[in-house]
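Notes follow once the structure below has been shown.
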Amino acid sequence: MSSGPARYMRYLLFAVMGLAVFFFISRSSIPLDTASLGSRLNQATLKTPPSSPASDSTVQNDAGSAAAVVKEPSTGGSSSAGARPVGAEDRVNATFVTLARNTDVWEIAKSIRQVEDRFNREYHYDWVFLNDKPFNDEFKKITTALVSGKTYYGLIPEEHWSYPEWIDQDKAKKVREEMGRRKIIYGDSESYRHMCRYESGFFFRHPLMLNYEYYWRVEPSIELYCDISFDPFKYMKENKKKYSFVLSLYEYYDTIPTLWDSVKKFVANHPEHIAEDNSMGFLSDDGGKTYNKCHFWSNFEIGSLEWLRSKEYIDYFSSLDQDGGFFYERWGDAPVHSIAAGLMLKKEEIHFFNEIAYYHVPFTHCPTGEQTRLDLKCSCNPKDNFDWKGYSCTSRYFHINDIQKPDGYQDEQD
Ligand SMILES: Nc1nc2c(ncn2[C@@H]2O[C@H](COP(=O)(O)OP(=O)(O)O)[C@@H](O)[C@H]2O)c(=O)[nH]1
Ligand SMILES: [Mg+2]
């Protein structure tokens with residue numbers, strides 16, 4: 001029998017050896033995710049939240065938890081994961097933004113999951129949700145759990161979601177009834193008109209949006225079919241882009257019969273706001289006399305908030321708003337944004353993201369080019385790609401910008 005102190009020494013030795021063996025086994029069987037660790041350690045430096053969130057908003061979800069890995073920007077599409085976590089210096093001052101009702105919760109949940117899985121889980125950009133009614137706890141709980149960045153919930157001020165005093169509400173009501181009878185899509189909807197006017201002229205002025213430079217609009221039920229292997233916000237900033245799109249098409253004429261007249265009036269009053277090297281050729285086939293109805297589909301947009309908040313854009317929106325077409329017709333925010341971008345931005349400030357594969361019912365943008373689709377792990381059928389079909393305006397964009405259409409486009413025409 002060994003004496004007391006010697007026995008304790010032996011126990012201590014066993015304990016130390018046991019711990020060493022356990023440490024060795026756990027090191028060799030569980031990969032140590034240093035990128036993730038780094039990103040967690042760096043959380044405090046990752047974000048700069050809006051300095052003065054509006055009092056009607058709730059900030060949630062202070063830290064992302066997934067691994068953050070830097071990926072090289074690439075327009076060609078090859079995916080290249082690096083080892084360094086995304087830090088504040090890698091990111092742009094940008095946010096996702098969604099306008100939604102409480103009842104949209106499960107549809108927006110699907111969209112968020114897609115955006116996170118394909119992109120944001122590595123970047124943790126913030127997400128701002130806006131609503132004309134207060135968001136309920138369920139909406140906040142579900143969306144906060146899904147977003148890897150911070151989430152903010154804003155109530156839209158009533159003056160941004162109601163009739164301006166110069167609008168004749170009886171006339172507006174009669175228009176809705178008549179458009180309803182003619183079965184024009186959303187023709188009889190009052191809320192849809194407030195929504196289009198809000199997206200056209202106000203979302204970028206909400207207090208929660210004021211501290212950001214770029215936005216990425218996400219709607220309920222959208223799909224992303226490919227990995228996004230670069231940071232589109234960064235691409236916008238580094239390449240001085242102010243507006244971007246993935247799908248374009250012709251507008252339904254009955255919703256905008258006098259929109260172009262209103263635009264021409266604005267142009268006559270503010271010739272100084274029109275860019276010299278603009279995209280008029282995308283919007284008009286006769287040098288500006290008439291509108292060909294081409295527009296970028298605004299349910300997907302990555303753009304510059306500073307441009308939307310500029311005097312040029314505000315003058316444009318105010319002029320259109322005075323003319324009343326948001327209520328007396330059913331002007332959509334897509335043609336309103338597109339015409340502004342087409343006339344007030346330089347051609348090269350508008351960007352087409354071929355690599356971002358996108359679906360919003362009923363149209364698909366599936367990247368043209370097989371290698372891009374393979375590199376980005378795309379799940380879309382290239383035959384569904386809308387870009388080169390007859391009802392898309394994307395060929396015009398390529399034409400006016402003198403860009404060659406990507407190889408393989410012929411196989412995706414009607
Ligand atoms: N808060 C709020 N959001 C709305 C309302 N109507 C539409 N939206 C949102 O506005 C966006 C466009 O509406 P959506 O129904 O998708 O229109 P569509 O894409 O033109 O068919 C979506 O993000 C909707 O969630 C509304 O009355 N209130
Ligand atoms: Mg939609």
Side-chain angles (χ1 to χ4, degrees), residues 160 163-190 192-202 243 245 248-298 301 307-308 310-347 350 391 393 396-397 400:
H160 292 173
Y163 292 97
E165 25 99 19
W166 60 88
I167 294 295
D168 176 346
Q169 294 190 36
D170 287 336
K171 181 175 161 186
K173 186 160 180 255
K174 289 199 181 89
V175 168
R176 290 199 300 277
E177 288 164 0
E178 175 56 20
M179 286 176 84
R181 272 194 289 278
R182 289 164 59 204
K183 303 262 182 292
I184 293 169
I185 184 168
Y186 298 118
D188 59 352
S189 171
E190 189 175 33
Y192 195 83
R193 286 178 169 79
H194 287 301
M195 182 276 287
C196 289
R197 179 169 175 261
Y198 187 76
E199 292 286 25
S200 298
F202 299 104
Y243 191 83
F245 71 101
S248 72
L249 69 161
Y250 293 95
E251 182 57 300
Y252 185 5
Y253 178 76
D254 287 344
T255 65
I256 48 143
T258 69
L259 174 59
W260 196 248
D261 292 338
S262 196
V263 168
K264 287 203 282 194
K265 192 167 95 185
F266 164 75
V267 172
N269 288 337
H270 287 286
E272 76 281 9
H273 288 346
I274 304 305
E276 228 164 74
D277 189 18
N278 61 40
S279 306
M280 181 61 97
F282 178 77
L283 302 169
S284 173
D285 300 343
D286 51 19
K289 258 207 293 213
T290 59
Y291 178 37
N292 63 19
K293 301 178 297 246
C294 277
H295 64 284
F296 307 119
W297 219 20
S298 62
E301 276 179 338
W307 171 57
L308 292 175
S310 69
K311 175 167 168 43
E312 288 87 340
Y313 186 85
I314 299 289
D315 282 349
Y316 165 82
F317 170 74
S318 306
S319 171
L320 264 51
D321 199 28
Q322 278 292 330
D323 291 340
F326 289 108
F327 299 106
Y328 301 145
E329 296 179 0
R330 207 226 64 201
W331 294 353
D333 51 278
V336 170
H337 284 183
S338 304
I339 292 170
L343 298 183
M344 297 194 282
L345 296 181
K346 291 187 231 151
K347 265 200 290 204
I350 304 178
Y391 208 63
C393 292
R396 284 175 193 270
Y397 170 85
I400 67 153

Are the charged groups of Asp168 and Lys174 less than 4.0 angstrom apart, N to O? no
Contact summary for Asn278 and Gly342, nearest pair of heavy atoms: CB-O, 3.2 Å
In Å, rounded to the nearest 0.5 Å, how long is the span from CD1 of Ile314 to NE2 of His273? 10.5 Å
Mind checking the CG-CG spacing from Asp285 to Asn292? Nearest 0.5 Å is all I need. 4.5 Å
Return yes if some donor-acceptor pair links the side-chain N/O of Tyr316 with the main-chain N/O of Val336 below 3.5 Å, else return no. yes
Looking at Ile400, is its backbone amide N or carbonyl O close enough to the side chain of Lys347 to form a donor-acceptor pair, meaning the two atoms are under 3.5 Å apart? yes
Check for me whether the distance between the ring centres of Tyr163 and His194 falls short of 6.0 Å. yes
May I ask you to decide whether Asp277 forms a salt bridge with Lys346, counting only side-chain N to carboxylate O separations under 4.0 Å? no
Are any side-chain N or O atoms of His295 and backbone N or O atoms of Lys293, one a donor and one an acceptor, separated by less than 3.5 Å? yes
Taking Ser200 for its side chain and Cys196 for its backbone only, find out whether a donor-acceptor pair lies under 3.5 Å. yes
How far does CD1 of Ile339 sit from CH2 of Trp260, to the nearest 0.5 angstrom? 5.5 Å
Sidechain-backbone polar pair: Asp188 side chain, Arg181 backbone, donor-acceptor under 3.5 Å: no
Quick one: do Ile167 and Phe326 satisfy side-chain contact (heavy atoms from CB on, under 4.5 Å)? Show the steps, please. CA-CA 10 Å; Ile167 294 295; Phe326 289 108; over 6 Å; no
Is there side-chain contact between His337 and Phe296, with heavy atoms separated by less than 4.5 Å? no
Qualifying residue, where the test is ring pair (Phe, Tyr, Trp, His ring centres under 6.0 Å) with Phe317 and the options are Phe266, Tyr198, Trp331, Phe202: Phe202
With heavy-atom distances below 4.5 Å as the criterion, would you say the side chains of Ile256 and Tyr291 are in contact? yes
Show, in sequence, the C-alpha distance, side-chain angles and deciding distance for Cys294 and Arg396, and conclude whether the side-chain contact (heavy atoms from CB on, under 4.5 Å) test is met. CA-CA 9 Å; Cys294 277; Arg396 284 175 193 270; 3.4 Å; yes
Under the side-chain contact (heavy atoms from CB on, under 4.5 Å) criterion, do Asp323 and Thr258 qualify, and how do the steps go? CA-CA 9 Å; Asp323 291 340; Thr258 69; over 6 Å; no
Once you round to the nearest 0.5 Å, how far does CG of Leu343 lie from CD of Glu312? 12.5 Å
Assess whether a salt bridge exists between Glu177 and Lys173, defined as any Lys/Arg side-chain N lying under 4.0 Å from an Asp/Glu carboxylate O. yes
Do the ring planes of Trp307 and Tyr243 sit parallel (below 30°), tilted (30 to 60°) or perpendicular (above 60°)? perpendicular
Apply side-chain contact (heavy atoms from CB on, under 4.5 Å) to residues Ile350 and Tyr397 and explain how you reach the verdict. CA-CA 9 Å; Ile350 304 178; Tyr397 170 85; 4.0 Å; yes
Any chance the rings of Phe245 and Trp297 have centres within less than 6.0 Å? no
Quick check for you: to the nearest 0.5 Å, what is the distance between Met344 atom CE and His270 atom NE2? 10.0 Å
Using modelled atom types only, decide if a donor and an acceptor are shared between the side chain of Ser284 and the backbone of Met280 within a distance under 3.5 Å. no
If I take atom CZ from residue Phe327 and atom CZ from residue Arg197, how far apart are they, to the nearest 0.5 angstrom? 5.0 Å
Salt-bridge contact Glu190-Arg193 (side-chain N to carboxylate O under 4.0 Å): no
Considering all heavy atoms of both residues, which atom of Leu259 and which atom of Pro335 are nearest to each other, and what is their separation? CD2-CB, 3.8 Å
Nearest non-hydrogen partners of Tyr313 and Leu308, listed with the distance: CD2-O, 3.3 Å
With a 3.5 Å distance limit and no angle check, can you tell me whether Arg330 reaches the backbone of Tyr192 through a side-chain donor-acceptor pair? no
